[in-house]
Amino acid sequence: MAHDYRELAAIFAGGGLGTLGRAAFDAIVDRDPHHWPWPTFTVNIVGAFLVGYFTTRLLERLPLSSYRRPLLGTGLCGGLTTFSTMQVETLRMVEHGHWVLAGSYTVVSIVGGLLAVHLATKMVRRVRVRG
C-alpha cells in the first residue's frame with residue numbers, strides 16, 4: 001500500500017499547530033483537581049466547534065481537496081483537542097473526592113462538544129451558496 005506523504009505532512013503540520021495552540025493556552029492556567037479544568041474544557045469545546053465547521057464547510061461548500069481535511073480536521077483539531085487529558089483530570093477529581101465536579105465536567109464536556117458541532121454545522125449551512 002502506497003502512502004501519500006503530502007497527506008501525512010498535512011496531518012503533521014496541522015497537528016503541530018493544534019498542539020502548540022493547546023500547550024500555549026494550557027501554560028497560562030495552573031491545574032488544580034479541586035476546580036474546573038478550564039484550559040482542557042475550552043480547547044475541547046473550541047475543537048469540537050472547529051470539527052463541525054471544517055467538516056461541513058469542506059464537504060458541502062468547498063471543492064474537494066486531498067489535503068484540507070487532513071490538515072484542518074485530523075491535524076489541527078486532533079492536536080488541539082485532548083480527550084485523554086479530560087479523562088486524567090476527571091480521575092484526579094474522583095481521587096480527591098470531587099464526584100459532583102467530575103461528573104458534571106464529563107457531562108458538560110460531552111454535551112457542550114456535541115452542541116458546538118451542531119452550532120458550527122448550522123452556521124455553515126445558514127450561509128447561502130453562491131452559484
Taking distance alone, no hydrogens or angles, what donor-acceptor pairs closer than 3.5 Å link side-chain atoms of residues 91-102 to residues at least two apart or in another chain?
| from | atom 1 | to | atom 2 | distance (Å) |
| --- | --- | --- | --- | --- |
| His96 | ND1 | Arg92 | O | 2.8 |
| His98 | NE2 | His34 | ND1 | 2.6 |

Considering only distance and modelled atom types, tabulate donor-acceptor pairs under 3.5 Å from the side chains of residues 13-22, sequence neighbours left out.
| from | atom 1 | to | atom 2 | distance (Å) |
| --- | --- | --- | --- | --- |
| Thr19 | OG1 | Gly15 | O | 2.8 |
| Arg22 | NE | Gly79 | O | 3.1 |
| Arg22 | NE | Leu80 | O | 3.2 |
| Arg22 | NH2 | Gly79 | O | 3.0 |

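A single hydrophobic cluster is not seen to contain both Met86 and Val46; linkage of ILVMFWY side chains at heavy-atom distances under 4.5 Å, directly or through other members, places them apart. Under a hydrophobic clustering in which Ile, Leu, Val, Met, Phe, Trp and Tyr are joined whenever their side-chain heavy atoms come within less than 4.5 Å, directly or via other members, Ile45 and Val117 fall into different clusters. In the hydrophobic cluster analysis, where Ile, Leu, Val, Met, Phe, Trp and Tyr join through side-chain heavy atoms closer than 4.5 angstrom, Phe54 is grouped together with Val124. By the criterion of side-chain heavy atoms lying less than 4.5 angstrom apart, applied directly or through intervening Ile, Leu, Val, Met, Phe, Trp or Tyr residues, Trp38 is grouped together with Val108 in one hydrophobic cluster.
Across Ala48 and Gly113, no two heavy atoms sit closer than the pair CB-O, 3.4 Å. Between Gly52 and Ala120, the shortest heavy-atom distance links the atoms C-CB, 3.8 Å. Tyr67 approaches Arg6 most closely through the heavy-atom pair OH-NE, 3.2 Å.
With sequence neighbours excluded, no residue forms a side-chain hydrogen bond (donor to acceptor under 3.5 Å, both in side chains) with Arg68. Applying the side-chain hydrogen bond (donor to acceptor under 3.5 Å, both in side chains) rule to Arg57 yields the partners Tyr53; only residues at least two apart in sequence or on another chain are considered. Checked against side-chain hydrogen bond (donor to acceptor under 3.5 Å, both in side chains), Thr74 has no partners two or more places apart in sequence or in another chain.
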Practice prompt. Evaluate the criterion side-chain hydrogen bond (donor to acceptor under 3.5 Å, both in side chains) for residue pair Tyr105 and Glu89; output intermediate values, then yes/no.
Written response: CA-CA 9 Å; Tyr105 176 52; Glu89 290 167 343; 2.7 Å; yes

Fill in: Verdict with reasoning, Val43 to Thr81, per side-chain contact (heavy atoms from CB on, under 4.5 Å)
CA-CA 6 Å; Val43 297; Thr81 59; 5.8 Å; no

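When side chains are defined from C-beta on, Leu8 does not count as touching Phe12, because their heavy atoms never get closer than 4.5 Å. Here the side chains of Leu71 and Ile11 are not in contact, with every heavy-atom distance at 4.5 Å or above. In this structure the side chain of Phe49 reaches within 4.5 angstrom of the side chain of Leu119, judged on heavy atoms. Taking the side chain as every heavy atom from C-beta outward, Ser104 and Trp36 approach each other to under 4.5 Å. Counting heavy atoms from C-beta outward, Ser109 and Asn44 have side chains that stay 4.5 Å or more apart.
To the nearest 0.5 angstrom, Leu72 atom CG is 9.5 Å from Thr55 atom OG1.
Applying the side-chain hydrogen bond (donor to acceptor under 3.5 Å, both in side chains) test to residues at least two apart or on different chains, the pairs with a partner in residues 114-124 are Thr56-Thr121.
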